[in-house]
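These values consider heavy atoms only, across backbone and side chains, with no hydrogens, waters or symmetry-generated copies.
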Amino acid sequence: MPHSPDAVAADIAGSSCAVALVVDRPDWHAREFAKALTGLGARAIPVTLTSCGFDTQSRFGVTIAGFENSLPSAVLVRSMSGGSFEAVTLRLGVLHALRDLGVLVVNDARAIERCVDKSTTSFLLARAGIATPTTWAVETREAAAAIVRREVAAGPLVLKPLFGSQGRGLRLIRAERDLPDPATVRGVYYLQRYVGVERDGVRDFRLLVSRGRVVTAMMRHSASWVTNVKRGGRPVAAVIDGAMRSLAVAATAAVGADFAGVDIVHDAGGRATVLEVNSMPAWSGLQKVTSANIAGVLAADLMEALCARTGRGAAV
């Protein structure tokens, strides 16, 4: 039978510091984070959620590849591959279970769910009073067309995949005819007011937040309205004012994330506006324009959070 919560906590506190680094593949980010953890005296063990699962007769009730006889001291979710609804539900279930077992999970399944589903992110940002574009999410083309007919007079809308990243699948909607068929958007039309300002291209900002403060930031400049670095946006060093810092920290808190990449753009009135919050952010573009060792900062933050939970004192 699985251990009781008290026994699990004792197992974690009594083990050497081994961090499960959840990745799809050992990419540059994973290698940098593993190196940073090693420098802090911890062991980083790469784990793919596809190799994890549940076994209610096992010691902890879950099976984590690389942790056959113990639980991880902490889990850092760097990336999680897509899959069927059932497969993704199982993977998130494993993360939920690890948190319930007392393991520090960063970011935990609830924060990931809130960020992966852009409609939930928009809802939480708006509910918290954080400046964010007006957003609609509906399931039929007819409902989406009605929104477009009603709203495009005030400016174009952006159609985004409900689940998606790195600027893939974005469409600018200026008329009802621009809406694709339901199969293209997997049956969900996520529409957001376009608030970008095009002056010698388009600029927006990515701020990396960890443990309640902005670690670093960059401006992204693109000739296109899609500014993601993977889509051709150019990262540029940026000085971020206090208002933008506060906005990014508040957005991260609104989705319940420990760390996040927050995308901010200034609208036509100059107001800083949160576009998205990413719970599994890449930082290769950011690393090119900052002297800070981003992986080192995130690793130190993870260890500090772990030490605070286990009462071990200063970080390793």
Q | Residues in side chain to side chain contact (heavy atoms under 4.5 Å, CB included) contact with Pro133, at least two apart in sequence or another chain | A |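 Counting only residues at least two positions away or on another chain, Pro133 forms a side chain to side chain contact (heavy atoms under 4.5 Å, CB included) with Gln192, Arg193, Val195, Thr273, Leu275.
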Do the charged groups of [X] and [Y] touch, with an N to O distance under 4.0 Å?
X: Arg110; Y: Glu113; result: no
X: Arg213; Y: Asp301; result: yes
X: Asp24; Y: Arg78; result: no

Has [X] got more than 12 heavy atoms of other residues, nucleotides or ligands less than 6.0 Å from its [atom1]?
X: Glu139; atom1: CD; value: no
X: Arg211; atom1: CZ; value: yes
X: Arg150; atom1: CZ; value: yes
X: Arg174; atom1: CZ; value: no

Q) Say you draw a straight line from CZ of Phe67 to CG of Leu98; how long is it, rounded to the nearest 0.5 Å? A) 9.5 Å
Q) Among all residues two or more places apart in sequence or in another chain, which pass the ring-ring contact (aromatic ring centres under 6.0 Å, His included) test with His266? A) Phe205
(Q) Between Ser122 and Thr135 (side chain of the first, backbone of the second, donor and acceptor by atom type, cut-off under 3.5 Å), is there such a pair? (A)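 Not a single qualifying donor-acceptor pair exists.
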Q) Considering all heavy atoms of both residues, which atom of Ala295 and which atom of Gln287 are nearest to each other, and what is their separation? A)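 Heavy atoms of Ala295 and Gln287 come nearest at N-OE1, 4.5 Å.
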